[in-house]
Protein chains: 2
Amino acid sequence: MEEKRRRLVTLRDVAQRAGVSTMTASKVLRGAGSISEKTRQKVRQAAEDLGYLPNSLAGSLSSRKSRMVAVIIPSIADVVFSEVLSGVNSVLRPRGFQTFIGESLFDPEVETDLLREMLSLRPAGLLLNGGMMRSPDAESLLERRNCPAIHLWDSDHAEHDFSAGLSHEEAGRLVAAHFLERNLRRIAYIGAELDRDLCARRRYLALQSALRARAIDLVSVACESMPRQAETGRVLTEKLMETHPQIEAIHFLNDAMALGGLSYLHEAGIRVPENVSVVGFNGTSLANAVRTRLTTIDVPRMEIGSVAARALLQMLSGELVDGRWQAPLRVAQGNTTPKI
Amino acid sequence: MEEKRRRLVTLRDVAQRAGVSTMTASKVLRGAGSISEKTRQKVRQAAEDLGYLPNSLAGSLSSRKSRMVAVIIPSIADVVFSEVLSGVNSVLRPRGFQTFIGESLFDPEVETDLLREMLSLRPAGLLLNGGMMRSPDAESLLERRNCPAIHLWDSDHAEHDFSAGLSHEEAGRLVAAHFLERNLRRIAYIGAELDRDLCARRRYLALQSALRARAIDLVSVACESMPRQAETGRVLTEKLMETHPQIEAIHFLNDAMALGGLSYLHEAGIRVPENVSVVGFNGTSLANAVRTRLTTIDVPRMEIGSVAARALLQMLSGELVDGRWQAPLRVAQGNTTPKI
DNA sequence: ATCTTCATTGTTATCGATACCATCCGGCTG
DNA sequence: CAGCCGGATGGTATCGATAACAATGAAGAT
């Protein structure tokens with residue numbers, strides 16, 4: 001234990017061993033400035049001999065540059081966001097950037113705290129999940145930031161410097177169109193935590209208003225306090241079918257909830273899609289794994305992440321990126337809605 | 001853009017505005033030392049007026065302490081690890097620690113790079129996923145670290161300062177016992193990427209050796225290059241049933257692959273569990289969501305994360321934690337294996 | 001009235017790097 | 001041969017905080 005607390009090797013130690021100044025050693029190890037090949041060798045050798053590990057706290061403080069990128073997403077355990085994250089990582093990691101992940105759990109307070117802590121580390125860039133309530137404190141932190149900020153997941157509103165995501169309104173309309181084309185009229189929506197997830201809410205509202213344009217009322221069964229998981233989908237579907245036995249089609253907040261719903265429908269002897277059609281959202285690998293291939297909206301999650309990351313890199317290299325990138329959306333027809 | 005590059009407010013600015021020394025301001029904002037209430041007020045007011053955001057790079061450099069914890073897991077997009085991560089976060093976040101996440105993708109090279117970069121940030125602690133190949137460079141980096149390190153996911157071997165995980169050997173034995181109790185004799189294993197995921201491999205080997213003790217040969221169908229997902233499970237199950245049509249039971253690497261397998265069996269008209277029994281691994285929410293409740297091994301993933309995080313906190317506060325924590329395992333009987 | 005004493009506040013050095021600029025020196029130009 | 005040039009190197013200040021200790025001053029003790 002005592003041994004572990006020993007002072008780590010510093011650049012100065014390396015320089016001394018190589019018989020050069022710290023400045024020279026610094027340049028060699030960063031690959032900056034012009035240094036003779038002989039000196040480079042010496043320094044590199046010394047660094048290796050001593051097992052030198054640079055201290056990037058010191059480096060970043062001094063140069064006022066860092067290779068850390070802060071990312072705030074609602075939930076790590078939700079496949080949807082973790083896949084966006086994978087996309088981000090796949091671009092940033094190979095370029096030597098570290099991503100710093102914060103989990104807001106859809107809570108604006110937590111998000112504000114995270115933002116404060118992360119900005120304290122003076123990251124090179126900021127990736128934020130869109131579609132959340134944002135506290136005034138958070139807004140003011142964002143204004144004071146001195147790094148590019150990119151908005152993920154939501155491209156309906158262009159906030160910050162760049163947005164990469166999908167149009168949740170379009171997604172809602174796509175579902176409406178899908179149902180209408182199939183002459184389904186008695187339609188329901190099942191969701192959860194809509195008070196906090198503004199993106200999901202926007203999909204819901206878009207579906208609702210598209211239906212209302214055809215004089216159709218959308219039945220909604222949502223629970224703010226239950227998790228957005230299969231079990232919740234199951235429970236809410238049961239509740240829906242009891243109160244509205246004549247329903248013909250259900251759109252779920254996500255695929256997991258849709259699967260839960262399917263499982264209830266099956267047990268209740270309700271046939272899909274003959275009696276009830278089901279549409280999920282996300283196009284997760286689940287959707288195809290089950291016996292009944294779920295009709296859902298495919299979202300290119302990895303791509304959203306990688307596009308956002310690339311935009312960030314461009315901004316860091318000085319190019320003035322601006323605007324937004326909108327992911328292409330499509331209905332992936334499974335066999336939980338009738339084919340036409 | 002120009003505006004964003006302005007110098008941020010420093011502690012000195014705050015101190016000047018409050019009419020005190022930087023040291024005093026520092027103490028107030030950290031809540032250290034003894035400072036009069038009047039001065040505290042002044043400093044806090046000044047900090048708020050200016051929108052002061054501490055620079056933790058400078059703070060950590062100076063105090064040689066940080067509140068960053070580095071975590072390296074194989075994959076963020078895999079629910080299994082992301083749930084462990086959520087457990088970690090749930091403990092560390094409320095205590096003001098930042099987790100720094102690296103994704104190794106089961107690649108030792110990547111892991112080594114990550115380790116180097118993360119240690120460069122001088123984290124307060126290190127959480128590593130067990131059961132991976134580790135390069136010699138990585139080993140030497142680990143030896144030179146000056147922070148506590150904790151092993152996640154694997155508790156068969158106690159490495160580093162503490163391990164929190166499960167016994168993969170026990171898991172393998174549990175599955176063997178489950179099959180044997182049900183008089184299943186023609187048994188197969190389906191997995192992927194076993195060359196890199198040593199934990200999964202250990203489960204497989206434990207199953208194999210437990211069966212061999214009863215003179216039973218385990219049939220194995222594994223593919224190193226395919227992802228450990230539903231689709232792979234489906235494909236490999238098809239392959240298995242073609243070559244070994246007489247098989248009675250299959251254990252899959254994880255629940256997702258098991259679901260893929262179930263979906264194939266169903267389509268091929270093979271009845272579960274009458275003709276073939278299926279056991280997954282993990283106890284993910286999927287397992288219960290589908291019509292056929294999957295028999296699987298329940299692993300308390302969140303708890304593994306939170307136990308590890310608590311152990312880390314204890315070590316940071318000076319208590320000499322040592323040893324390991326082993327997660328309780330149990331077979332969750334679904335209806336993909338016969339009841340007894 | 002003088003000396004402690006303790007709470008409060010300030011001074012200086014340092015953490016480990018990089019930025020910026022000065023210096024050195026061998027070779028080339030005129 | 002002086003003067004200039006540019007590649008190679010080093011010196012010093014600085015980044016923005018904290019550690020360690022010194023200094024201040026008012027209250028209480030003798």
Side-chain angles (χ1 to χ4, degrees), chain A residues 5-44 46-47 50-68 117 119-124 144 146, chain B residues 5-44 46-47 50-68 117 119-124 144 146:
Chain A
R5 296 274 156 226
R6 68 184 177 275
R7 197 173 68 80
L8 262 54
V9 177
T10 72
L11 187 59
R12 195 159 145 198
D13 302 324
V14 174
Q16 277 177 356
R17 184 170 227 266
V20 298
S21 72
T22 53
M23 208 47 243
T24 305
S26 168
K27 285 179 191 154
V28 171
L29 296 176
R30 265 180 306 148
S34 63
I35 305 287
S36 71
E37 189 48 39
K38 214 178 74 190
T39 310
R40 306 185 100 83
Q41 299 271 339
K42 275 193 304 185
V43 173
R44 275 200 278 257
L50 297 175
Y52 171 66
L53 203 61
N55 183 329
S56 21
L57 294 177
S60 297
L61 175 60
S62 176
S63 65
R64 291 156 208 236
K65 274 178 216 148
S66 85
R67 299 181 82 77
M68 302 192 281
E117 287 167 19
L119 288 178
S120 286
L121 289 162
R122 302 294 187 265
R144 284 206 301 283
N146 64 341
Chain B
R5 297 272 157 226
R6 69 186 176 275
R7 198 174 66 80
L8 262 53
V9 177
T10 72
L11 188 58
R12 194 157 145 201
D13 301 325
V14 174
Q16 278 177 355
R17 183 170 229 265
V20 298
S21 71
T22 53
M23 205 52 237
T24 305
S26 168
K27 285 179 191 153
V28 170
L29 297 176
R30 267 180 304 150
S34 65
I35 305 286
S36 72
E37 188 49 38
K38 214 179 74 189
T39 311
R40 305 187 100 82
Q41 299 271 339
K42 274 194 304 186
V43 172
R44 276 200 277 259
L50 298 175
Y52 172 65
L53 203 61
N55 182 329
S56 18
L57 294 177
S60 298
L61 176 60
S62 176
S63 64
R64 293 156 207 234
K65 273 179 218 151
S66 86
R67 299 182 82 78
M68 302 193 278
E117 285 167 20
L119 288 177
S120 287
L121 288 162
R122 303 293 187 264
R144 284 206 302 281
N146 64 342

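The chains referred to below are lettered A, B, ... by the order of the sequence lines, with proteins before strands, and numbering in each begins at 1.
Checking B/Ser62 against B/Ser36, the closest nucleotide of DNA chain C that is more toward the 5' end is the one next to B/Ser36. Each of B/Arg30 and B/Leu61 was matched to the nucleotide of DNA chain D holding its nearest heavy atom; the match closer to the 5' end belongs to B/Leu61.
The closest donor-acceptor contact from the side chain of B/Ser62 to the backbone of B/Ala58 lies at 3.5 Å or more, if one exists at all. B/Arg144 places a side-chain N or O within donor-acceptor distance of the main-chain N or O of A/Gly51, the cut-off being under 3.5 Å. Put simply, the side chain of A/Arg12 never gets that close to the backbone of A/Thr22: no donor and acceptor are under 3.5 Å apart. Between the side chain of B/Ser120 and the backbone N or O of A/Asn55, no donor-acceptor pair lies under 3.5 Å.
Atoms CD (B/Gln41) and P (C/dT9) sit 13 Å apart, rounded to a whole Å. One interatomic measurement links the two molecules: NZ of B/Lys42 to C1' of C/dT8, which rounds to 12 Å at whole-angstrom precision. Rounded to an integer number of Å, the gap from B/Leu29 CG to C/dT9 P is 14 Å. Atom-to-atom, NZ of B/Lys27 to C1' of C/dT9 comes out at 7 Å; the value is rounded to the nearest Å. Following rounding to the nearest Å, B/Arg40 (CZ) and C/dT8 (P) show an atom-to-atom distance of 9 Å.
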Please lay out, stage by stage, how A/Val14 and A/Val43 fare under the test side-chain contact (heavy atoms from CB on, under 4.5 Å). CA-CA 7 Å; A/Val14 174; A/Val43 173; 4.2 Å; yes

The test is side-chain contact (heavy atoms from CB on, under 4.5 Å); show your working for A/Met68 and B/Leu57 and say whether it passes. CA-CA 12 Å; A/Met68 302 192 281; B/Leu57 294 177; 4.1 Å; yes

Output, in order, the C-alpha distance, side-chain angles, deciding distance and verdict of side-chain contact (heavy atoms from CB on, under 4.5 Å) for B/Leu11 and B/Leu29. CA-CA 9 Å; B/Leu11 188 58; B/Leu29 297 176; 3.7 Å; yes

Begin from the C-alpha positions of A/Arg122 and B/Leu8 and carry the test side-chain contact (heavy atoms from CB on, under 4.5 Å) through to its verdict. CA-CA 10 Å; A/Arg122 302 294 187 265; B/Leu8 262 53; 3.6 Å; yes

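Contacts between residues 11-22 of chain B and DNA chain C, counted as heavy-atom distances below 4.0 Å, involve B/Val20, B/Ser21.
Between A/Arg44 and A/Val28, the closest side-chain pair of non-hydrogen atoms falls below 4.5 Å.
Among the atoms of the strands shown, only primed sugar atoms or phosphate atoms (P, OP1, OP2) are found under 4.0 Å from some heavy atom of A/Thr39. Here B/Ser63 lies in heavy-atom contact (under 4.0 Å) with sugar-phosphate atoms only. Within 4.0 Å of A/Ser60, counting heavy atoms only, lies no atom of the nucleic acid at all.
Nucleotides of DNA chain D that come within less than 4.0 Å of any heavy atom of chain B span, from the 5' end to the 3' end, D/dG16 to D/dA20.
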